[in-house]
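Take a look at the structure set out below.
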Amino acid sequence: MTDRKDENQNDKSNKPENGVPDDPKRAPNSGKQPSKGKGRLKLHTSVKSDFEALQHITETEDEGLRSYYSVTRSGINAGVYFHEAANSKDGTPYVKPPVLLSDPFEIVGRGQSTDEKEYRLLRFKRHGSGEYRTVAMPLEIAGRPDGLAFLRANGISVNQNGQAISRLVNYIQWEGDQTEYLFSKRGGWCDETFTAYIMPNGEIIGKPETPVFYIGDLSKKRAYGAVGSLEEWQENIGRYLEGNSRLLLAVGAVFAAPLLAIMKHENGGFHFFGQSSIGKSVSGMTALSLVGNPEELRMQWNGTGLSFDNAAAANSDGVIMLDEMGQADGKTLDTAAYAVFNGAKKGQGAKEGGNREHLTWRVLAISNGEYEPEYFMKKYGLQWQAGQAVRLPAIPADAGKGYGVFENLHEFARPDLLAAHLEQSAKTYHGTALRAYLDRLTLETAANKSRLIGRLNALYQAFLVRLPSDLASQPIRAAKRFALAAAALEVAGQWGITGVPQGAGADGVKTCFDAWLEHAGTENKEERDILKAAKDFMLEHGYSERFIKDPKKADGSISYLGNTVETKRNHAGFMLESRRTGEPPIWYVLDKVFEDEICKGKDLELVCRVLADCSWLKKDGRNFKAKVPQSLVGENLLPARIRLYCFRGIAPPEENGAGIEGLTG
């Protein structure tokens, strides 16, 4: 066997691979290297005293000759061998000729994944490449047909002899380096010390407390590589961020994503919407250039649910870009929204019964489409809940300066020229900015995590104090996501990563927040939706035959609370003209109609409170339903003391233009 030192002169992979160090102690300078497993061969250190020497001789005599494994890494006899100890007829111990078990590979570590599955870490040199590879093998498949297929798929030929396979399984189970690893199916932070980060290509940035090996999705491993230098990225991309708010927000999202866990923030993202001609995808492509090759990293909204889950897990504590929301169907939109916002995949049945491992993740999404998410969800009969709207705020991609997504063209004559430059530069220079940021971030957390959090909090609060003081609870939740992006962007600038002047990053994010707030409003979305549903119902049906003006002139009949009330079909209630000049009519709406057609599944008390707070729904003390007048109760048209939901006017008072004095008394 070739000396390890000589081998490394031609080995192209001396750098740590996926957190696995190239440990020379695993390769002593000898023709064959016995594995240091569970008692197969005991390696003794040099004798340091007469007592130790005597003890060593005694142990050797007691143990006798034992079977062992060896690995010959190269040459015509390369392979994993089993050396069986035996006794001759006269009792003399000897070792039988070695039996070849497989092509050479070494066990360089072992451990568990987050779902407590056992793994072995295999290291070998791939035929023809001259480079060492390290792979994780689930221990449960060792010896099974799929285990042998796993070895062959990695270029390791196996002796098919039954006894040889048994020996090989024992080698995998018990031999080799005993170093304990954490096997992670998820990218991002290795643990809550935040001192080591797993890139989606398996690269470990920082120093984990326990060695880590990534076993998650590697389908886009090459896309996460770094091309060019940080200085080249700054010169060709970073310097065009200043003065362009949409680019700054998208880049801020990339820097903010690793802070989600550190700052204890929830999943979410930002959605840029507008017509295709304004270049809305440029923001996302520019942001992805921090991470890797944007052409390969961006995802389409019309992908499968599984691809969303895999991407989210691989990019945990990171960012994903979802392009063209309009191309997705309703089911995919719903599945993707669940994955992004809930930080988990939907449960799937496992072979052993129950559910599969409950993978979780923290991500920020950069999304785009011609319209905001609510439009697409309604198109497929789905609800875009208030909580979802807060976690993925929809921002007009058009910056309003006549340049589409840009406000500052810098030295370019037209916006399309700047967009083309950024797209081409992103393909040429990428993957360096986020690595530089994570390098510094892991150093800061290792040195003094509390100090870092204090610094981030100061920047975070400095952004929030600039916002309007009358924001409702839901806009405040959305504002916190903008604030985190602003803080991350400012820190990245202070660390010399973006080249953006201090304050310019936060200003750009504030511009985006203002655009979102102008579009979304300062009140809660749920309240807007409730008012809209009520207005839509009243405007469509208020003056229709569904509301009876004079009960005595109705045709047809229904039974209401055990009493017969003459009415037309689809009876919704009664309308009474006001007795006072200039005041609007009053509508009394039946309980079932109110709950089914106005509340539409929303909390009944919340709907009533919102409608009463704007003085449209008449209250009677604490009761959200009003007493029905005698003109309806008389002649047994309605039961005595019946209460119904009472609307004063066809629309809220502020839109109706009517006086509301005494309405809630």
Side-chain angles (χ1 to χ4, degrees), residues 237-254 256 268-288 321-326 364-376 389-390 392-423 426 463-464 466-468 470-471 474-476 478-479 481-486 489-490 498 500-501 503-523 525 528:
I237 297 176
R239 72 188 187 93
Y240 297 106
L241 301 178
E242 184 181 357
N244 286 308
S245 62
R246 275 56 176 177
L247 301 186
L248 286 165
L249 177 60
V251 169
V254 176
F270 302 99
H271 178 80
F272 296 94
F273 71 94
Q275 298 304 306
S276 57
S277 59
I278 63 175
K280 59 184 177 294
S281 63
V282 174
S283 298
M285 297 289 282
T286 301
L288 284 184
M321 177 182 174
L322 300 172
D323 203 20
E324 291 299 341
M325 182 177 281
L364 287 180
I366 300 173
S367 168
N368 68 64
E370 289 194 15
Y371 304 99
E372 51 192 307
E374 186 171 14
Y375 169 86
F376 296 111
V390 165
L392 190 70
I395 302 142
D398 192 331
K401 301 295 183 182
Y403 303 137
V405 74
F406 304 114
E407 291 118 309
N408 185 350
L409 299 182
H410 294 267
E411 71 269 20
F412 290 91
R414 303 195 312 268
D416 61 306
L417 297 178
L418 176 55
H421 168 79
L422 290 173
E423 289 184 5
F463 182 88
L464 290 178
R466 300 171 63 183
L467 306 183
D470 60 344
L471 295 180
Q474 289 173 0
I476 288 175
R481 186 160 295 105
F482 285 92
L484 187 65
L489 202 54
E490 288 297 308
T498 61
V500 176
D507 288 345
V509 175
K510 174 66 162 51
T511 298
C512 290
F513 176 82
D514 291 343
W516 171 78
L517 190 64
E518 182 179 358
H519 177 75
T522 59
E523 69 275 9
K525 180 180 183 300
R528 295 198 310 272

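FYI, side chains are in, hydrogens and waters are out, and symmetry mates aren't considered; it's all heavy atoms of this structure. Keep in mind it's a predicted model, so treat the numbers as computed, not measured.
Using a 4.5 Å cut-off on side-chain heavy atoms (C-beta onward), L467 and P475 make no contact. Contact of the V282 side chain with the R246 side chain is not registered, since no non-hydrogen atoms from C-beta on lie closer than 4.5 Å. In this structure, the side chains of L249 and F513 stay at 4.5 Å or more apart for every pair of heavy atoms. No side-chain heavy atom of L418 sits under 4.5 Å from any side-chain heavy atom of Y403. Considering only heavy atoms from C-beta on, K280 comes within 4.5 Å of E370 through its side chain. Two residues are said to be in side-chain contact when any heavy atoms from C-beta on lie closer than 4.5 Å; F406 and L422 meet this criterion. For the pair F270/S283, no side-chain contact is recorded, criterion being any heavy-atom separation below 4.5 Å from C-beta on. For the pair I278 and V405, the minimum side-chain heavy-atom distance is 4.5 Å or more.
Distance check, rounded to the nearest 0.5 Å: CD1 of I395 to CG of D398 gives 13.5 Å. The CG atom of N408 sits 11.0 Å away from atom OG of S245, with the distance rounded to the nearest 0.5 Å. Atom OG1 of T498 and atom CG of L241 lie 7.0 Å apart (nearest 0.5 Å). Once rounded to the nearest 0.5 Å, the distance linking CE of M285 with CD1 of I237 reads 10.0 Å. The CD atom of E411 sits 7.0 Å away from the NE2 atom of H421 when rounded to the nearest 0.5 Å. In this structure, CE on M321 lies 9.0 Å from OG1 on T286, to the nearest 0.5 angstrom.
For H519 and F273, the distance between ring centers is under 6.0 angstrom. Ring centers of Y240 and F412: under 6.0 Å apart, within the cut-off.
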query = Given the rule in the side-chain contact (heavy atoms from CB on, under 4.5 Å) test, do L392 and E372 qualify, once you have shown the distances and angles that lead to the verdict?
reply = CA-CA 10 Å; L392 190 70; E372 51 192 307; over 6 Å; no

ask   = Between N368 and E324, does a side-chain contact (heavy atoms from CB on, under 4.5 Å) hold up when you go through it step by step?
value = CA-CA 5 Å; N368 68 64; E324 291 299 341; 4.0 Å; yes

Trace of the side-chain contact (heavy atoms from CB on, under 4.5 Å) decision for L417 with L409 = CA-CA 9 Å; L417 297 178; L409 299 182; over 6 Å; no

ask   = What's the verdict on side-chain contact (heavy atoms from CB on, under 4.5 Å) for L248 and V500, showing C-alpha distance, side-chain angles and the deciding distance?
value = CA-CA 9 Å; L248 286 165; V500 176; 4.2 Å; yes

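Closest of all the heavy-atom pairs between A485 and A256 is CA-CB, 3.9 Å. The nearest pair of heavy atoms linking P393 to G269 is CD-O, 3.1 Å. Shown here for M325 and S367, the closest heavy-atom pair between the two residues is CE-OG, 3.8 Å. Between A479 and L464, the closest heavy-atom pair is O-CD2, 4.0 Å. Minimum heavy-atom separation, A250 to I366: O-CD1, 3.5 Å.
A donor-acceptor contact shorter than 3.5 Å links the side chain of E490 to the backbone of A506. For the pair H271 (side chain) and Y371 (backbone), a donor-acceptor distance under 3.5 Å is present.
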